[in-house]
Amino acid sequence: MYGAIEAGGTKFVCAVGNDRGDIIDEAQFPTTVPDETMKEVISFFQKHHVKAIGIGSFGPIEVNKDHADYGSITSTPKLTWANYPIVDVMKEMFDVPIGFNTDVNAAALGESFTGAAKGLDSCLYITVGTGIGAGAVVNGSLLQGWSHPEMGHILVRRHPEDPYEGTCPYHKDCLEGLAAGPAIERRWEKKGIELADKQEVWEMEAFYLAQAIMQYMLILSPKRIVMGGGVMKQKQLFPLVRKQVATLLNGYISLPELETFIVPPGLGDHAGITGALMLAKNEVEK
Ligand code: ADP
Ligand code: ZN
C-alpha cells in the first residue's frame with residue numbers, strides 16, 4: 001500500500017491505495033494552520049501501514065533535491081504555510097520514502113497513468129481554479145528543471161474589450177491574473193457559476209486559455225491536454241477553447257483531432273490524489 005496527500009489551499013485530501021491507483025481509504029481535512037491540519041494528516045497515516053507517501057502540493061514549492069529547502073512550501077500567500085517543511089515533518093513521523101511535487105504535476109501523472117491520457121508518454125494537465133497551473137509529463141517523466149514549471153504566470157495578449165487590470169499580486173495581468181476564477185469574478189462582478197449563460201464571459205475566457213494552450217503546444221508538443229479545476233466545470237468552454245486554438249495556430253502545425261486532444265480529466269476530481277499515489281510508487285521504484 002502507498003499513501004497520498006493532495007495538499008490544497010482549501011483542503012488536504014489523504015488517501016491510501018495500491019500500485020494500480022485504486023484508492024482504498026480516503027479522508028479530507030480543511031487547510032487551516034499547519035499544526036492543526038498536519039495533526040489530522042499524521043493521525044490518518046498512523047492508522048495505515050504504507051511503504052511510501054506521495055505529496056502533491058499547492059505552491060510554489062521547492063522540488064529540487066539539491067536545494068537546502070527541498071521539501072518545503074515556499075512563497076505561498078497562505079502565510080502560515082510559507083516556508084513550511086512538509087516533507088521533513090512527514091519524514092520525522094514516518095520512516096518511508098516521500099515523493100514530493102506540485103499538485104498539478106501530480107494530476108498530470110495521475111491522468112497519464114489511469115485517466116484521460118492513459119497510455120501516452122506525454123501530456124499536460126492544466127487547472128483553472130483559484131489559480132492557474134499546469135504540470136507536464138514528458139517522455140514518461142514529470143517535467144522539472146531548476147524548479148517546477150509555473151505555466152499559469154505566462155503573459156498573454158489582452159482581449160480588446162477587456163479593461164480589467166488583473167488579479168496576480170506579482171504580474172497583475174498574466175494568464176492567472178486575467179483568467180483564473182477570481183479574475184472572472186472581479187471582472188464580471190459575479191461568481192463564475194452564476195455567469196453560466198453569458199456567452200461573452202466564456203468567449204473571453206477561451207480567448208485567454210487558447211493563447212496559453214497555443215504556447216504550451218508550440219513549446220512542449222504534448223500528446224494530450226487535460227483541463228480541470230472549478231472554472232472548467234463550465235463545459236461550454238471546451239469547444240470554445242478548441243476553436244480558438246485552431247484559429248490562433250492558423251494551420252501552421254498539423255493538429256490532432258482537437259475533440260480528443262483538449263479534454264476534461266478522466267479521473268474527475270481524483271486526478272491529483274491518484275497522481276500523489278503514483279509519486280509514492282515512483283519514489284520506491286527510484
Ligand atoms: P482550487 O483552485 O482552490 O483547488 P477550484 O478548482 O474549485 O478550487 O477553483 C475554485 C474557483 O473556480 C473559484 O474561483 C470558483 O469561483 C470557480 N468555480 C468553481 N466551480 C465553478 C463552476 N461550476 N463554474 C465556474 N466557476 C467555478
Ligand atoms: Zn502572475
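Keep in mind that the numbers below use all heavy atoms, side chains included, and drop hydrogens, waters and symmetry copies. Computed from a predicted model, the values in this text were never measured in an experiment. Just so you know, ligand 1 is whichever comes first in the structure, and atom 1 is the first atom listed for that ligand.
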Option of least heavy-atom distance to atom 24 (N) of ligand 1 (set: Gln234, Glu205, Glu185):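 The residue whose heavy atom sits nearest atom 24 (N) of ligand 1 is Gln234.
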Within the protein, is there a heavy atom lying under 4.0 Å from atom 21 (C) of ligand 1? yes
Taking 4.0 angstrom as the limit and counting only heavy atoms of Lys233, give me the atoms of ligand 1 inside it, by number and element. 23 (N)
Proximal atoms of ligand 1 relative to Gly229 (non-hydrogen, under 4.0 Å):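 Those atoms are 6 (O).
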Could you say whether the N/O atoms of Gly230 and ligand 1 ever approach to under 3.5 Å?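 In this structure, Gly230 places an N or O atom under 3.5 Å from an N or O of ligand 1.
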Give a yes or no on whether Leu195 and Leu240 share a hydrophobic cluster (residues Ile, Leu, Val, Met, Phe, Trp, Tyr; joining criterion: side-chain heavy atoms under 4.5 Å apart). yes
To the nearest 0.1 Å, how far is [atom] from its closest protein heavy atom, and which atom is that?
atom                    : answer
atom 13 (C) of ligand 1 : Gly181 CA, 4.3 Å
atom 2 (O) of ligand 1  : Thr130 N, 2.9 Å
atom 9 (O) of ligand 1  : Gly129 CA, 3.2 Å
atom 17 (C) of ligand 1 : Val231 CG2, 4.1 Å

By the definition side chain to side chain contact (heavy atoms under 4.5 Å, CB included), identify the one residue from Met204, Lys172, Arg186 that meets it with Tyr164.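 Only one of Met204, Lys172, Arg186 forms a side chain to side chain contact (heavy atoms under 4.5 Å, CB included) with Tyr164, namely Arg186.
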Counting N and O atoms only, with roles assigned by atom type, does the side chain of Thr167 sit under 3.5 Å from a partner on the main chain of Gly177, one being a donor and the other an acceptor?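 Here the side-chain-to-backbone pair exists.
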Is Asn18 reaching over with its side chain to a backbone N or O of Met1, donor-acceptor style, under 3.5 angstrom? no
Side-chain ion pair, Asp173 and Arg157, N-O less than 4.0 Å: no
Check this for me: does any side-chain nitrogen of one of Glu283 and Lys286 sit under 4.0 Å from a carboxylate oxygen of the other?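 Yes.
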Determine whether the side chains of Glu203 and Gln199 contain a donor N or O and an acceptor N or O closer than 3.5 Å. yes
Report yes or no: do His270 and Glu26 form a side-chain donor-acceptor pair below 3.5 Å?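 Yes, Glu26 and His270 have a side-chain donor paired with an acceptor closer than 3.5 Å.
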Could you walk me through whether Trp202 and Tyr208 pass ring-ring contact (aromatic ring centres under 6.0 Å, His included), step by step? CA-CA 10 Å; Trp202 309 109; Tyr208 289 126; over 10 Å; no
Pro182 near ligand 1 by a heavy-atom separation under 4.0 Å: yes
In His171, which N, O or S atom comes closest to the Zn ion (ligand 2)?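 It is ND1, the N, O or S atom of His171 closest to the Zn ion (ligand 2).
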Part of Ala196 with heavy atoms under 4.0 Å of ligand 1, whether side chain, backbone, both or neither: neither
With the Zn ion (ligand 2) at the center, what angle do SG from Cys168 and ND1 from His153 span, rounded to 10 degrees? 110°
